Novice: 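Handing you this structure, nothing more for now.
Treat the numbers as computed from the prediction; the structure is a model and nothing was measured.
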Amino acid sequence: MSHVAHLSLQTKPGSFQKVCDRYHQFAQEVLAGHPDLHDVIIVGNQAQNVIEGFGIWENAEQAASIEDTEGFAKFLADIEGNLAAPVGRNDLLVFYRMNPKG
C-alpha cells in the first residue's frame, strides 16, 4: 500500500507566494530524483495563508528518510521565518487512487 507524507504550512501574511515558490523548488531539486516517490502535489489557500504538500511514496520508510536529508533541512531553514506556526506533518495511507488518464 502506498504512503502519503503530508506537510501543512501556515504562512505569515505576505509570505504565501514566497513559501509556495520555495516549496516548488524543493520538490524539483530534492524530491524529483527519489526513486520511491510516485507523485508530489502542492496546494494552497491564499486567503487562509495555508500551503499543503502531499508526497505519495512506495513506503513509509522512504517517505520518512527524506526528513534526514540536507535538502529537507535547507528547505525548512529557508521558510522558517515566513511561517506563522510550526510545520505540521502527517503520515497517511492511500486506500484508493484513480488515474483516469494513465
Novice: Checking the side chain of S15 only, and the main-chain atoms of K18 only, is there a donor and an acceptor separated by less than 3.5 Å?
Specialist: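 No: the side chain of S15 does not pair with the backbone of K18.
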
Novice: Taking ILVMFWY side chains as joined if any heavy atoms are under 4.5 angstrom apart, and letting links pass through other members, which residues group with M98?
Specialist: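 Noted: M98 shares its cluster with Y96.
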
Novice: Within the 4.5 Å heavy-atom criterion, are V94 and V4 side-chain neighbours or not?
Specialist: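 V94 reaches V4 side chain to side chain.
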
Novice: Throw together a table of side-chain donor-acceptor distances under 3.5 angstrom for residues 41-50, partners on residues two or more places apart or in other chains.
Specialist:
residue : atom : partner : partner atom : Å
N45     : OD1  : A47     : N            : 3.1
N45     : OD1  : Q48     : N            : 3.1

Novice: Quick one: list whatever passes salt bridge (Lys or Arg N to Asp or Glu O under 4.0 Å) with E29, sequence neighbours left out.
Specialist: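 Once residues adjacent in sequence are excluded, E29 has no partner under the salt bridge (Lys or Arg N to Asp or Glu O under 4.0 Å) criterion.
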
Novice: Quick one: sort the H34 and W57 rings into parallel, tilted or perpendicular, breaks at 30° and 60°.
Specialist: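 The arrangement is perpendicular - the two ring planes meet at more than 60°.
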
Novice: Of the options D36, I56, L93, D39, which is the one that meets S2 in a side chain to side chain contact (heavy atoms under 4.5 Å, CB included)?
Specialist: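 Exactly one option meets the side chain to side chain contact (heavy atoms under 4.5 Å, CB included) with S2, and it is I56.
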
Novice: Does one side chain, of D21 or Q17, offer a donor that lies under 3.5 Å from an acceptor on the other?
Specialist: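 Distance-only check passes for D21 and Q17.
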
Novice: What salt bridge (Lys or Arg N to Asp or Glu O under 4.0 Å) pairs are there with at least one residue in residues 50-76, not counting sequence neighbours?
Specialist: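 The answer is E67-R89, K74-D78.
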
Novice: In chain order, what residues pass the side chain to side chain contact (heavy atoms under 4.5 Å, CB included) check against A84, with sequence neighbours excluded?
Specialist: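 Counting only residues at least two positions away or on another chain, A84 forms a side chain to side chain contact (heavy atoms under 4.5 Å, CB included) with Q10, K12.
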
Novice: For the atom pair CG (N82) and CD1 (I51), what is the distance rounded to the nearest 0.5 Å?
Specialist: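 One gets 9.0 Å once the value is rounded to the nearest 0.5 Å.
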
Novice: Can you tell me which residue pairs pass the ring pair (Phe, Tyr, Trp, His ring centres under 6.0 Å) test with a partner in residues 35-55, sequence neighbours excluded?
Specialist: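 Residue pairs passing ring pair (Phe, Tyr, Trp, His ring centres under 6.0 Å), neighbours aside: H6-F54.
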
